[in-house]
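Only a predicted model underlies this, so the values are computations on that prediction, with no experimental measurement involved.
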Amino acid sequence: MTPTRPINTLLVANRGEIARRILRTCRTLGVATVAVHAPGEEDAPHVREADTAVRLPVPEGRGPVDAYLDSDALVAAARSAGADAVHPGYGFLSENAAFARAVVDAGLTWVGPGAEAVEQMGSKTLAKKVARDAGVPVADALDPADVRAEHLPVLVKAVSGGGGRGMRVVRDLDALAFEAETARAEAASAFGDPTVFCEPYVERGRHVEVQILADHHGTVWALGERDCSAQRRHQKVLEEAPAPGLPEETRQRLHRAARDLAAAIGYTGAGTAEFLVPVTDGGTGEPVFLEMNTRLQVEHPVTECVTGLDLVEWQLRIAEGEPLPDTGPPAPRGHAVEARLYAEDPRDGWRPRTGTLHAFDVPADVSFAPLTAPGVRLDHGVEAGDTVGTDFDPMLAKVIAYGRDRRDALRRLSAALAHARLHGVGTNRDLLVRALRHPDLADAERRPERLHTGLLTGDRLAELARPLADDDTEDLAALAASLASVEGSRGSGVLPPGVPAGWRNLPSAPHRRRHTTPDGRETTSAFRSVRGTHLPERDGVRVLSATADHVVLEVDGLRRAFDVYGPRPGDTDVHVESALGAVTLTPVDPLPAPVPTVDPGALPAPLPGTVTAVDVAVGDRVREGQTLLRMEAMKMEHRVTAPADGTVRELPVGAGDRVPAGAPLAVLDHTDNEGPDQ
């Protein structure tokens, strides 16, 4: 039955960046909006921007994520706020058929495909069967219990998963049971469904997906394709449209397969069919279907850029019964690339990072809106001053560049990220910039075999994750920070009026300031101040100007400008920005307070979270690298492992305990034993 009822008030059953994205289109269309939020999110950006907001209850003993997984509470929120439609966004219940039915049964419009289509595609194993019946080539799906040595390597995947959650590569049959159990726990936490399966793992493949729009009148559009091969831990990092260097025959085959699959299940609305295209030395192999996401994708902005369409607007129009134009889908124009900016620390095993975002400034032309000309778009769920916690996904923003061609888009995006001010929380920004500038990515149109899902792995990942600022840049930034600190003493009341900054009663003694860098390196800056002039004790460096927040140096004849921020309340670090790269420095206190003695065998919590499992007992002998316990934070599982061989002396926590960062999780007595008892 074709819907004909207009949408007047829309409840967005989501949060963060995607909620703000949907709200922006609603404002443009004149649709009233309702936001939902968990307790403690009353001042979140998506809540402030909606016309009405409803606080969701949290089940006793559960966390804020569970508020967004309660379909009854979401439907009740829509009713209480007078909404006549619900948009699920992505993640949470966006691909939950029961939620889609509950919305429709409540007399509300569901902005998405019908529940039957969600059901068929929501289970990856069922989706493979439906695709095979529709003539679409698929990868085999295996129950973990049926995997044999000849099937290896395999990829463990969550049936209801996405975003890299519940995914593990297994190359050793002995490790399969443990990895499958870990994937189940992660999938249950993120999606409410612990079911997993295995499929063959392709070492070198391209992840290519086709964007679908389908109306209630039988028209199905394939809005081009996106390449999402640049991944880390099976989570997309960079996405682009169109897919570079893809043979036209393969491109058309993918578009046709996506349309056939959508038509076979009576699909309506926006969706994405995902395929794996094997990479060979001679080009590309036969594509196979992976899954269909019955929702809006995180990377939908790149398709909006190259087509000029607002996909959220078309989701609403289709939900109201409007047909797609007879003219057919617009041809792609130009090129677009998206980067996902995460709060995570490459120096600490890529663990998610929490804290206060003291500065968040990414140069962009628009936010949440399709670009109509070459430029940069920013879709972000956070603002400066927000706290990044452990309950939700660590993605801070998506930065999208649209260019006349691929080179133009890559250059615009890397420049926007390199010049962003991101203070207070560690991010993957430097990885993104280096990856966007890497020859293998830049040359993908001419050498497409270099772009595959293994691009950001192993030694290459370590190389790309290096800070943009090298040791010399850090030393110059430390000098700038030291000069700014001295200049900041003007007017502070420390010096009498008229006495120049940096004045000392022993002119022959230089100023010395010490800072540590994020990797623990200590750098010392030394300079003399003579009658208001600063003279660095480093050859080839001259101070051209210095204020409390801006320092200009001449370095070997080159002018270098440094902007200095901090320290500020709640953030003891100093952040120095320049064209050479961003540097975070921690001042070294010349008279540090005594530090409490810490048991050398204590293993602290790497971040706040919940202990999900303890895998050892007191008295157990353990090997270096053995998993001691597991924690859940930011919808992902984190393993705490033994740093060396030893014996478990204490286990002060148990499964279900919520712990702050730094809390002791286990205490080991390190020995030179030969490992645990066999």
Side-chain angles (χ1 to χ4, degrees), residues 124-125 127-128 131-132 136-142 147 150-158 161-171 179 183 197-211 224-258 261 272-293 297-299 302 337-338 340 435 438 440-441 443-461 464:
K124 292 179 173 60
T125 49
K128 288 175 181 289
R132 186 181 288 109
V136 177
V138 301
D140 293 332
L142 295 169
V147 174
E150 59 268 23
H151 298 135
L152 298 175
V154 296
L155 183 64
V156 181
K157 299 180 71 173
R165 271 74 176 182
M167 296 180 70
R168 296 288 190 279
V169 176
V170 178
R171 306 179 190 277
E179 296 294 354
F197 69 100
C198 297
E199 66 183 19
Y201 179 64
V202 177
E203 299 283 359
R204 295 178 69 230
R206 292 182 66 177
H207 186 124
V208 182
E209 57 190 33
V210 179
Q211 176 68 58
E225 77 291 331
R226 301 182 286 256
D227 190 295
C228 308
S229 301
Q231 303 178 7
R232 190 187 64 77
R233 285 185 182 167
H234 318 295
Q235 191 170 51
K236 299 167 186 174
V237 175
L238 300 173
E239 302 105 343
E240 57 182 306
L246 196 67
E248 187 59 29
E249 179 184 356
T250 303
R251 192 186 312 273
Q252 293 303 323
R253 191 183 311 162
L254 294 174
H255 292 189
R256 184 167 56 252
L261 180 58
T272 301
E274 302 195 353
F275 299 87
L276 184 66
V277 182
V279 173
T280 65
D281 292 337
T284 57
E286 182 70 21
V288 292
F289 171 75
L290 293 176
E291 62 189 32
M292 186 171 188
N293 294 132
Q297 291 280 93
V298 176
E299 56 271 23
V302 295
V337 186
E338 173 181 296
R340 301 190 189 190
H438 194 277
D440 284 354
L441 191 80
D443 203 28
E445 283 184 305
R446 190 174 65 88
R447 300 288 300 276
E449 71 277 4
R450 296 185 176 183
L451 179 58
H452 53 80
T453 52
L455 181 67
L456 302 181
T457 57
D459 292 342
R460 176 176 288 161
L461 176 62
L464 293 175

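In this structure, T272 and Q211 approach most closely via the heavy-atom pair OG1-OE1, 3.7 Å. Summarising the geometry of V288 relative to A139, their closest heavy-atom pair is CB-N, 4.0 Å, with the distance given to 0.1 Å. Nearest heavy-atom pair across L254 and P287 is CD2-CB, 3.6 Å. Between L261 and A131, the closest heavy-atom pair is CD1-CA, 3.8 Å. In plain terms, the two heavy atoms of F289 and A127 that are nearest each other are CE2-O, 3.8 Å. When all heavy atoms of L456 and A435 are compared, the pair lying nearest together is CD2-CB, 4.3 Å.
With hydrogens and angles ignored, the 3.5 Å screen pairs a side-chain donor or acceptor of R204 with a backbone N or O of E449.
Shown here are the side-chain hydrogen bond (donor to acceptor under 3.5 Å, both in side chains) partners of Q231, two or more places apart in sequence or in another chain: H207. Remark: R253 pairs with E249, E286 by the salt bridge (Lys or Arg N to Asp or Glu O under 4.0 Å) rule, at least two apart or across chains. Contacts of E225 classified as salt bridge (Lys or Arg N to Asp or Glu O under 4.0 Å), with partners at least two apart in sequence or in another chain: R251. By the side-chain hydrogen bond (donor to acceptor under 3.5 Å, both in side chains) test, H151 pairs with no residue at all, sequence neighbours left out. Partners of E209 by salt bridge (Lys or Arg N to Asp or Glu O under 4.0 Å), not counting sequence neighbours, listed by chain and number: R226, K236. Applying the salt bridge (Lys or Arg N to Asp or Glu O under 4.0 Å) test to E179 and every residue at least two apart in sequence or in another chain returns R168, R639.
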For this session: Dump the intermediate steps for side-chain contact (heavy atoms from CB on, under 4.5 Å) on L441 and L238, then the final yes or no.
Result: CA-CA 10 Å; L441 191 80; L238 300 173; 3.9 Å; yes
For this session: Show your working on side-chain contact (heavy atoms from CB on, under 4.5 Å) between K157 and H234 and close with a plain yes or no.
Result: CA-CA 10 Å; K157 299 180 71 173; H234 318 295; over 6 Å; no
For this session: For R232 and L455, run side-chain contact (heavy atoms from CB on, under 4.5 Å): C-alpha distance rounded to whole Å, both residues' side-chain angles, the deciding distance at 0.1 Å, then the answer.
Result: CA-CA 9 Å; R232 190 187 64 77; L455 181 67; over 6 Å; no
Problem set entry | Step-by-step side-chain contact (heavy atoms from CB on, under 4.5 Å) determination, L155 to M167 | CA-CA 7 Å; L155 183 64; M167 296 180 70; 3.5 Å; yes
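V170 has its side chain within reach of V156: a pair of non-hydrogen atoms, C-beta onward, lies under 4.5 Å apart. Between L290 and F275, every side-chain heavy-atom pair lies at or beyond the 4.5 Å cut-off.
Distance check, rounded to the nearest 0.5 Å: CZ of F197 to CG of D140 gives 11.0 Å. E274 contributes atom CD, which lies 8.0 Å from atom NZ of K124 (distance to the nearest 0.5 angstrom). Atoms CG and CG, on L451 and L246 in that order, are 10.0 Å from each other to the nearest 0.5 Å. Rounded to the nearest 0.5 Å, atoms CZ (R206) and CG (D227) are 4.5 Å apart. Distance CG/L276 to OH/Y201: 9.5 Å, rounded to 0.5 Å. A distance of 12.0 Å separates CD in Q235 from SG in C228, rounded to the nearest 0.5 Å.
Using a 4.0 Å cut-off between a side-chain N of Lys or Arg and a carboxylate O of Asp or Glu, E199 and K128 qualify as a salt bridge. The pair D440-R447 does not count as a salt bridge, with every side-chain nitrogen at least 4.0 angstrom from each carboxylate oxygen. Checked for salt-bridge contact, R340 and E299 meet the test: a charged N lies under 4.0 Å from a carboxylate O.
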